[in-house]
Structures are given as C-alpha cells and as structure tokens.
Amino acid sequence: GGTAFTTGANTLLRGDFYENLLIICSNARDLPQTVSASVVRADLGGTPPRGIDYKVLGRRGMMFSPTYSGTTYRFLVSYNSAYDDHDAWTAPVTTNSLNFGKYEGDVNILGGEYFKDHVMAFSENSVYPIYVTPNATQPLATQVALFSEKGGGPPNIHAVVAAGDRLFWISRNFDMKEMLPDGSVRSIGWAIQPFLRGLSDSRRIYTIGGYEPQYRMVWWAVSDGTDTQNNDAVGLHIDSGQFF
C-alpha cells in the first residue's frame, strides 16, 4: 500500500520509530511512508512535509530540510504540532520548526543523528545540537554550532555513523571526522586522505555508513574515481583507529 518511493539504486532511505510505526523518508523527497507492525506500508497522514531525514526527540517527530506546498526549506527542521501524534503537521514551516538560517546565511541541513540526549543536525559545514525544552509552545530548540568548518560536514546524512558514544563521518573536504563524547570534533582521516581524494566527486552524496558491533568497526560504502556504484568500502576500527 501507499505511494511507492522513487526507484533506483541511488534512492536512499532514512527512518525512525514513532507510535509503534516505522516512519520512512527518502533523499528523493518522496511522500513519507509508515510501516505498521503487520509490515503494511501506507502514506504518512496529515499532509506532512517531505523531508530527507526523520528523527524522534521529546515525543515529536522531526522532518529535516522539508519540502512543503511546493517549496523546499533547506534551513529548517519541521516537527509535529502535538505530542505523540505522528500525523499532526500544523504550520510545519512557520510555528512548528527550527530555523538554522539564523546562524549563517546559507545553511543546507542534511539530516540528524542521535548523540547522548541530543539530536545533532548536520549541514554541509556545521553540526547543531537539538534538545528538548520544558516549553510546550516551543518543545524543541537548538544551540550555536558545536563545530564549523568549510566542507567539514558530511556529503549526506547517510555518511554519518553513531558508534561507541561517538559520531563518525566522511566529510566533503576529503577528511574523516570524529565527534568525541564531550561534543568536540577532530580530524582523523589524514592517514587515508589520498584514498578519500580519489573518490568519485559526483557520487560522494551517495556515501553510506554503518556500524558493525561485534568487531566494533564503522564501514562506509563508497565509489572510487571510475565507479558508477558503491563498489568500494573503507573501514575504521573505533578502538585502535586502524583503517581498512
């Protein structure tokens, strides 16, 4: 059931659980979907914005970089207008949203990842903490960027991996970044920078990462200079810092 997502190997999905539903969105900005416990797919109700990432914090669902009524708001994160109501989307680009354009003139929000009691919102250059407030009219708020470096953000949110109380991502400026438990960010990719510089520039936005917990390794699927698919992998052992 529901409206099918855009087909193709480069249509990447993100999702989170909310009210016993798996809510999924795509980087093609398709209509968000829900999957119930009986594995039935349906359109997300309530005229939702079409975000490229979805996360839940403080009993609210958030759509990152939403498209709404034909306009794309790359500097916003929209959230539900009521607690515990996945299809409540009243004023998602005015009242019930976080505006990251106030910190710098051209902010392109790529998505978010959990980090301790925050969701970290990633742009191409910065990382912003989102946290829960006790204010019912503004239940979510954001702080000044913890990290800012031209091109230091990920090419897409799929390149960000949570592992071992830290966040890791391959950045747009041919580096790899690690967010430490105290929220500081350091560069760790110098050892493999020739490899990172050799990746396909046009396919960096399709970088995909994940965590393998048994061996405590983060792996990314990437494309080298000639690939048209992600045929290569780069791994990081998070305890030793060794690359593979």
Could you pull out all residues at least two apart from A42 that satisfy side-chain contact (heavy atoms from CB on, under 4.5 Å)? T34
I'd like to know if the side chain of N99 and the backbone of G101 have a donor-acceptor N/O pair within less than 3.5 Å. yes
Residues V132, L140; criterion side-chain contact (heavy atoms from CB on, under 4.5 Å); working and verdict: CA-CA 5 Å; V132 178; L140 299 175; 4.1 Å; yes
Parallel, tilted or perpendicular: rings of Y18 and H86 (30°, 60°): perpendicular
Using a 4.5 Å cut-off on heavy atoms from C-beta on, say whether the side chain of Y206 contacts that of N27. yes
Taken to the nearest 0.5 Å, the spacing of F122 CZ from S65 OG works out to 15.0 Å
Sorted by chain and number, sequence neighbours left out, side-chain contact (heavy atoms from CB on, under 4.5 Å) with R172 holds for E124, N125, P155
From F115 CZ over to L146 CG, what is the distance, rounded to the nearest 0.5 angstrom? 8.0 Å
For residues I24 and V160: do they belong to one hydrophobic cluster (side chain heavy atoms under 4.5 Å, members Ile, Leu, Val, Met, Phe, Trp, Tyr)? no
I need the minimum non-hydrogen distance between T11 and S26, along with the two atoms involved. CG2-CB, 4.0 Å
Which one of Y68, W89, Y79 satisfies the side chain to side chain contact (heavy atoms under 4.5 Å, CB included) criterion with M63? W89
side-chain contact (heavy atoms from CB on, under 4.5 Å) against S187, all qualifying residues, sequence neighbours excluded: D175, K177
Partners passing ring pair (Phe, Tyr, Trp, His ring centres under 6.0 Å) against F64 (at least two apart in sequence or in another chain): none
Under the salt bridge (charged side-chain N to carboxylate O under 4.0 Å, His left out) definition, can you give me all pairs with a residue in residues 18-30, not counting sequence neighbours? none
Are L21 and V35 packed together at the side-chain level, in the sense that at least one heavy-atom pair is separated by less than 4.5 angstrom? no
Where is the tightest heavy-atom contact between Y128 and V107, given as atom of each residue plus distance? OH-CG2, 3.9 Å
Smallest heavy-atom separation, L31 atom then P48 atom, equals CD1-CG, 4.3 Å
Which is it for L236 and W219 under the side-chain contact (heavy atoms from CB on, under 4.5 Å) test, yes or no, and what are the steps along the way? CA-CA 6 Å; L236 170 68; W219 285 97; over 6 Å; no
Report yes if some heavy atom in the side chain of M120 is under 4.5 Å from a heavy atom in the side chain of L167; otherwise report no. yes
Can you name the residues that form a salt bridge (Lys or Arg N to Asp or Glu O under 4.0 Å) with R59, not counting sequence neighbours? D84
Using atom types as modelled and distance alone, determine if a side-chain donor or acceptor of E178 lies under 3.5 Å from a backbone N or O of M176. no
Would you list the pairs meeting salt bridge (charged side-chain N to carboxylate O under 4.0 Å, His left out) in which at least one residue belongs to residues 222-244, sequence neighbours left out? R216-D239
Could you tell me whether a side-chain N or O of S81 sits under 3.5 Å from a main-chain N or O of T90, the two making a donor and an acceptor? yes
Sorted by chain and number, sequence neighbours left out, side-chain contact (heavy atoms from CB on, under 4.5 Å) with N20 holds for none
Find the distance between CG (D43) and CG (D87) and round it off to the nearest 0.5 Å. 12.0 Å
Just to verify, what does Y114 make a side-chain hydrogen bond (donor to acceptor under 3.5 Å, both in side chains) with, not counting sequence neighbours? D16
I need the K150 NZ to N173 CG distance, nearest 0.5 Å. 10.5 Å
Would you call the rings of F147 and W169 parallel, tilted or perpendicular, where under 30° means parallel and over 60° means perpendicular? perpendicular
What pair of heavy atoms forms the shortest contact from A163 to V218, and how long is it? CB-CG2, 3.8 Å
Using side-chain heavy atoms (C-beta onward) and a distance below 4.5 Å, is R50 in contact with C25? no
Within the 6.0 Å centroid threshold, strictly below: F168 and W220: no
Quick one: closest heavy-atom pair of L98 and A141, and the distance? CD2-CA, 3.9 Å
Could you walk me through whether Y131 and D117 pass the side-chain contact (heavy atoms from CB on, under 4.5 Å) check? CA-CA 7 Å; Y131 61 96; D117 56 351; over 6 Å; no
side-chain contact (heavy atoms from CB on, under 4.5 Å) between R186 and I188: does it pass, once the steps are laid out? CA-CA 6 Å; R186 65 173 184 167; I188 60 173; 3.7 Å; yes
Rounded to the nearest 0.5 Å, what separation is found between the CE atom of M217 and the CD1 atom of I238? 10.0 Å
Run T133 and N135 through side-chain hydrogen bond (donor to acceptor under 3.5 Å, both in side chains) and show every step you take. CA-CA 5 Å; T133 80; N135 187 340; 5.5 Å; no
Please answer whether the main-chain N or O of I109 pairs with a side-chain N or O of S123 as donor and acceptor at a distance below 3.5 Å. no
Give a yes or no answer on whether the side chain of S223 reaches the backbone of Q229 with a donor-acceptor pair at less than 3.5 Å. yes
Gap separating the CG atom of N156 from the CZ atom of R14, nearest 0.5 angstrom: 8.5 Å
Considering only heavy atoms from C-beta outward, does the side chain of I23 approach that of F17 to under 4.5 Å? no
So which heavy atom on V119 is nearest to which on G112, and how close? CG1-CA, 4.1 Å
Could you go through residues 69-77 and list every donor-acceptor pair under 3.5 Å that involves a side-chain atom there, pairing it with any protein atom two or more places apart or in another chain?
{"from": "T72", "atom 1": "OG1", "to": "T67", "atom 2": "OG1", "distance (Å)": "2.7"}

Between R60 (side chain) and N80 (backbone), is there a donor-acceptor pair under 3.5 Å? yes
Within the 4.5 Å heavy-atom criterion, are F244 and V234 side-chain neighbours or not? no
Report the residues that fulfil side-chain hydrogen bond (donor to acceptor under 3.5 Å, both in side chains) with S38, sequence neighbours left out, ordered by chain and then residue number. S36
With side chains defined as the heavy atoms from C-beta onward, is the minimum distance between T3 and Q33 less than 4.5 Å? yes
Please examine the side chains of I130 and K55, heavy atoms only from C-beta on, and report whether any two atoms are closer than 4.5 Å. no
Considering only distance and modelled atom types, tabulate donor-acceptor pairs under 3.5 Å from the side chains of residues 207-215, sequence neighbours left out.
{"from": "T207", "atom 1": "OG1", "to": "R204", "atom 2": "O", "distance (Å)": "2.8"}
{"from": "E212", "atom 1": "OE1", "to": "Y215", "atom 2": "N", "distance (Å)": "2.8"}
{"from": "E212", "atom 1": "OE2", "to": "Q214", "atom 2": "N", "distance (Å)": "3.0"}

